[in-house]
2 protein chains.
Amino acid sequence: MADFELMRALAQSAKTKIILLVMDGVGGLPVAPGGPTELEAAQKPNLNRLAAEGCLGQMHPVGYGITPGSGPGHLSLFGYDPLRFDIGRGVLEAFGIGVAVGPEDVAARGNFCTVDSDGRITDRRAGRIPTEASSKLVEKLAAIKIPGVEMEVRPVKEHRFVVVMRGPGLSACLTDTDPQKTGVAPLPVKVTDPKGEKTAKSFNEWIAQAGKILSNDHPANMLTLRGFSGDPRLPQFTDIFKLHPACVAVYPMYRGVAELVGMQEIPFAGDTPEDEFRAAVKVWKDFDFFFIHIKATDSRGEDGDFKAKVKVIETVDAALPTLLAAKPDVLLVTGDHSTPAKLKSHSWHPVPLLLWAPGTVRPDTETVFGERMCARGGLGTFPTPELMPLALAHAGRLAKYGA
Amino acid sequence: MADFELMRALAQSAKTKIILLVMDGVGGLPVAPGGPTELEAAQKPNLNRLAAEGCLGQMHPVGYGITPGSGPGHLSLFGYDPLRFDIGRGVLEAFGIGVAVGPEDVAARGNFCTVDSDGRITDRRAGRIPTEASSKLVEKLAAIKIPGVEMEVRPVKEHRFVVVMRGPGLSACLTDTDPQKTGVAPLPVKVTDPKGEKTAKSFNEWIAQAGKILSNDHPANMLTLRGFSGDPRLPQFTDIFKLHPACVAVYPMYRGVAELVGMQEIPFAGDTPEDEFRAAVKVWKDFDFFFIHIKATDSRGEDGDFKAKVKVIETVDAALPTLLAAKPDVLLVTGDHSTPAKLKSHSWHPVPLLLWAPGTVRPDTETVFGERMCARGGLGTFPTPELMPLALAHAGRLAKYGA
C-alpha cells in the first residue's frame with residue numbers, strides 16, 4: 001500500500017490538479033473466444049488519444065485472485081490498504097441508502113426472516129418479500145423506543161434494511177445475530193469487547209420488541225442483524241497527501257466512502273457523465289483532487305449486458321472534452337474492480353488503468369485503452385494503493401526521498 | 001505470499017477441478033545469442049493452443065535473483081512463502097531417497113569425510129568415494145545401537161548419506177557438526193534449545209561409535225552431520241484452500257514435499273508423462289486439485305542437454321490430450337524454478353507460467369508458450385505464492401472480499 005508515513009513526509013503543495021475518473025467495474029472479459037472486452041469494443045476516440053499520449057497499466061485492488069467489494073475497491077484507489085482498513089458492512093449499507101453514520105453511531109445490516117413457532121429460522125430472507133412490504137414493516141419498527149439511544153431504521157431492498165443506533169458511549173464491538181443457517185434461532189447480540197455492553201443490551205432490547213411487533217407478519221415474523229460497525233476513523237486524505245479532494249458521484253455509497261477519507265461532496269443535478277464532469281469543472285478552482293464516480297459501467301456489467309456496458313463507456317468518452325477543457329495536470333482513468341458482463345458480477349481480474357499527464361508522463365508503446373493493452377503497458381501490473389503516489393508524482397507533488 | 005487468513009476466510013467449496021502441472025526446472029536460456037530457449041524451441045502444438053486461449057505470466061519462486069532449491073520451489077507453488085516455511089535439509093534429503101520422516105523423527109544429511117591422525121578434517125567429502133563404497137560403510141553404521149532410539153542410515157550418492165533418529169521426546173533444535181572447512185575437527189552436536197538435550201546426546205553417542213567403526217576406512221574415516229530437521233508441521237493445504245489435493249510424481253522427494261502439506265500420493269506404474277496423466281485421470285472423481293510433477297525437464301537441464309530437455313517438453317505436450325480429456329476447469333503449466341541447460345543448474349530466472357481456464361480467464365495477446373512471451377503476458381511478473389489464489393479465483397472458489 002501507499003506508505004502513509006512516507007507520503008506525509010514527501011507530499012508537498014502545488015498548483016496542479018488531479019482527476020481520478022472511476023468507471024466502476026470497468027474491467028471486462030471477451031464474450032466470444034478472441035473477441036474484445038467491453039472496453040476494447042467501445043468506440044472511444046478521446047480515451048484512445050489519451051492512451052497514446054499517456055501510459056497504461058493494470059492494478060490489483062486487494063490481491064491476486066481476490067474479488068473486491070465496493071468498499072475495499074474504493075479504499076484501495078484512495079491509497080488505503082483494504083486488508084488493513086475496513087469499512088463495516090452496516091456502515092456501507094447505510095451509506096448505500098444515504099443514511100449518515102456519525103463518529104458515535106453504530107450501524108447494522110438487517111434481514112427480515114421467517115421463524116417457526118419455536119423461534120427457529122426457516123427462511124433467512126423471509127421469502128424475499130417485496131420492498132413495499134418491508135417498507136411497511138420498517139415503519140412499524142420505527143416506533144420502538146429504547147432508553148438513552150435513538151434508532152433510525154430504513155428499508156433497503158426486498159428483505160434488507162439498515163438500523164443505526166445513536167447515543168453516547170456506544171461501541172460496535174458486537175457479534176452478528178444471523179446464525180447463517182436455518183433450523184436454529186437468531187443469536188443474541190454479544191460483545192467482543194466489554195466496552196460494547198451497553199450497546200449490546202440496547203440492541204437486544206430493540207430486537208426483543210421488534211420480534212413482538214413482527215410476530216403476526218409471517219413470513220417476515222422476525223429479523224437478524226449483522227455487520228455492526230461504526231465510523232472506521234480512517235486517516236484523512238488531506239493529512240496524508242496534502243490534497244483538497246472533491247467527490248462527484250451519483251450514488252450515495254460512493255459519496256459515503258469518499259466522505260470517510262475526508263472528501264467533500266459536490267452536489268449537482270442530473271446523473272450522466274456530462275453532468276458529473278460539469279459539476280467537477282464548476283468547482284475547479286476550489287479543489288485540487290477530483291474523484292469522479294461513474295456507476296453505470298458496473299450496473300450494466302452486473303446485468304450481463306455487454307452492449308449496454310460498451311455504450312456507457314462510449315458516453316463517458318463523448319463527455320470527456322468537458323473535463324479536458326479544465327486542463328487537469330494528471331488524469332487517471334480506471335475502475336475499482338472488474339465487472340465482466342460475461343460473469344454478471346465483480347471479479348478478480350486486474351483493473352485497466354490509463355495515466356495521462358502532459359509533460360510528465362513517460363509514454364509506452366500502447367495506443368488504445370483496453371485490457372490486453374493495459375496488461376503490457378508501461379506502468380506494469382501493480383497494487384492499486386500505489387496509484388496515489390504515482391498520481392502525486394506526476395503532479396509534481398512529491399519531494400525527493402533522501403539526498 | 002498467499003495470505004492464509006484471507007484464504008481461510010474466502011475459500012469456498014465448488015465442483016471445479018484444478019491441475020498444477022509442474023515441469024521441474026522448465027525455465028531456460030538461449031544457447032546462442034538470439035536463439036530460442038528450450039521451451040521456445042519445443043514443438044508443442046497443444047501448449048501453444050492453450051497459451052493462445054489462456055494467459056501467460058512469469059513468477060519469482062523466492063525473490064528477484066534468488067535461485068530456489070527444490071523444497072522452496074515447491075512450497076512456493078503450493079502457496080507457502082519459502083522464506084517463512086522451511087523444510088529442513090535432513091528431511092528433504094530423506095524424502096529424496098524415499099525415507100519417511102514422521103512427526104516425531106529427526107533427520108540429518110551426512111557426509112563421509114577424511115580426518116588426519118589428530119582428528120582434523122583434510123577432505124570434507126572423503127575424495128567423493130563412489131556410491132558402492134559408501135553403501136558398504138552405511139551397512140556397517142546400521143549396526144550401531146543407541147539406547148532409547150532407533151536409527152535408520154541410508155546411502156544417497158557418493159559421499160552423501162541420510163540418518164534418521166526415531167523415538168519419543170526428540171527435537172531437531174541442534175547444530176551442524178560440519179565445520180564447513182578443513183584443518184579442524186568435526187564439531188559436537190549442540191542444542192539451540194534445551195529440549196534438544198536428549199537428542200544431542202544420542203547423536204553424539206552415535207557419532208562416537210561411528211568414528212570407531214570407520215577409523216580404518218580411509219579416506220572415509222569419519223563423518224559429519226548437518227541440517228538436523230523434523231516434520232516442519234506446515235499448515236495443511238485442505239485447511240487453507242478447501243481443496244482435496246492429489247500428488248502424481250515419479251520422484252520420492254516431490255511426493256514427500258506434497259505429503260507435508262497434506263496431499264495424497266497416487267501410486268501408478270510407469271514413469272512417462274502419459275503414465276502420470278493417466279494416473280491423475282484415473283482418480284479424477286476423488287480429488288479436486290492435482291499436482292503433477294515432471295522431473296526430466298530438470299534432469300536434462302542439469303545435464304546441460306538442451307535438445308533432450310526440448311524433447312521432454314515435447315513428450316509432455318504430446319501426452320496433454322489425456323489430461324485435457326478430463327476437462328479441468330483450471331490448468332496451470334509452470335515450473336518450480338528455471339534450470340537452463342546452458343547453466344547446467346537451477347537458476348534465478350523467473351519461471352514461465354501458462355494459466356488456462358475456459359470461461360473465466362482474461363486472454364492476453366500472446367499465442368505461444370515461451371519465456372519471452374511470458375515476460376509480456378497478461379498476468380505480469382509476480383511472486384509464485386500468489387499462484388494459488390489466482391487458481392482458486394479462476395475455479396470459482398474464492399468469495400468476494402468485503403461488501
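Reminder, nothing fancy here: chain letters follow the sequence lines and each chain counts from 1.
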(request) Return the minimal non-hydrogen interatomic distance between A/Arg372 and B/Asp364, and the atom names on each side. (result) NE-O, 4.0 Å
(message) Please classify the contact of A/Pro350 with chain B as side chain, backbone, both or neither, using a heavy-atom distance under 4.5 Å.
(response) both
(request) Might you confirm whether atom OH of A/Tyr251 has over 12 heavy atoms from other residues, nucleotides or ligands at distances under 6.0 Å? (result) no
(request) Would you check if there is a donor-acceptor pair between the side chains of B/Arg362 and A/Ser338 at a distance under 3.5 Å? (result) yes
(message) Does any backbone or side-chain atom of A/Thr67 lie under 4.5 Å from a heavy atom of chain B? Answer side chain, backbone, both or neither.
(response) both
(message) Quick check on B/Leu390 against chain A: is it the side chain, the backbone, both or neither that has a heavy atom closer than 4.5 Å?
(response) both
(request) Please confirm whether the backbone N or O of B/Gly378 pairs with a side-chain atom of A/Gln58, one donor and one acceptor, at under 3.5 Å? (result) yes
(request) Answer yes or no: does atom CD of B/Gln43 have more than 12 heavy-atom neighbours from other residues, nucleotides or ligands under 6.0 Å? (result) no
(message) Quick one, A/Pro72 and B/Tyr401 - any side-chain contact, counting heavy atoms below 4.5 Å?
(response) yes
(request) Please examine the side chains of B/Asp3 and A/Leu83, heavy atoms only from C-beta on, and report whether any two atoms are closer than 4.5 Å. (result) yes
(request) Between chain A and each of B/Gly359, B/Gly377, B/Gly380, count heavy-atom pairs under 4.5 Å; write down the option with the most. (result) B/Gly359
(request) Please indicate whether B/Glu53 has more than 12 foreign heavy atoms, meaning atoms of other residues, nucleotides or ligands, lying under 6.0 Å from its CD. (result) yes
(message) Between B/His394 and A/Trp348, is there a side-chain heavy-atom distance shorter than 4.5 Å?
(response) yes
(message) In the structure I gave you, are the side-chain heavy atoms of B/Leu379 and A/Tyr64 within less than 4.5 Å of one another anywhere?
(response) no
(message) What's the separation between atom CG in A/Leu29 and atom OG1 in B/Thr360, rounded to the nearest 0.5 Å?
(response) 8.0 Å
(message) Between B/Leu6 and A/Ile66, is the side chain to side chain contact (heavy atoms under 4.5 Å, CB included) condition met? List the steps.
(response) CA-CA 9 Å; B/Leu6 190 62; A/Ile66 308 299; 3.9 Å; yes
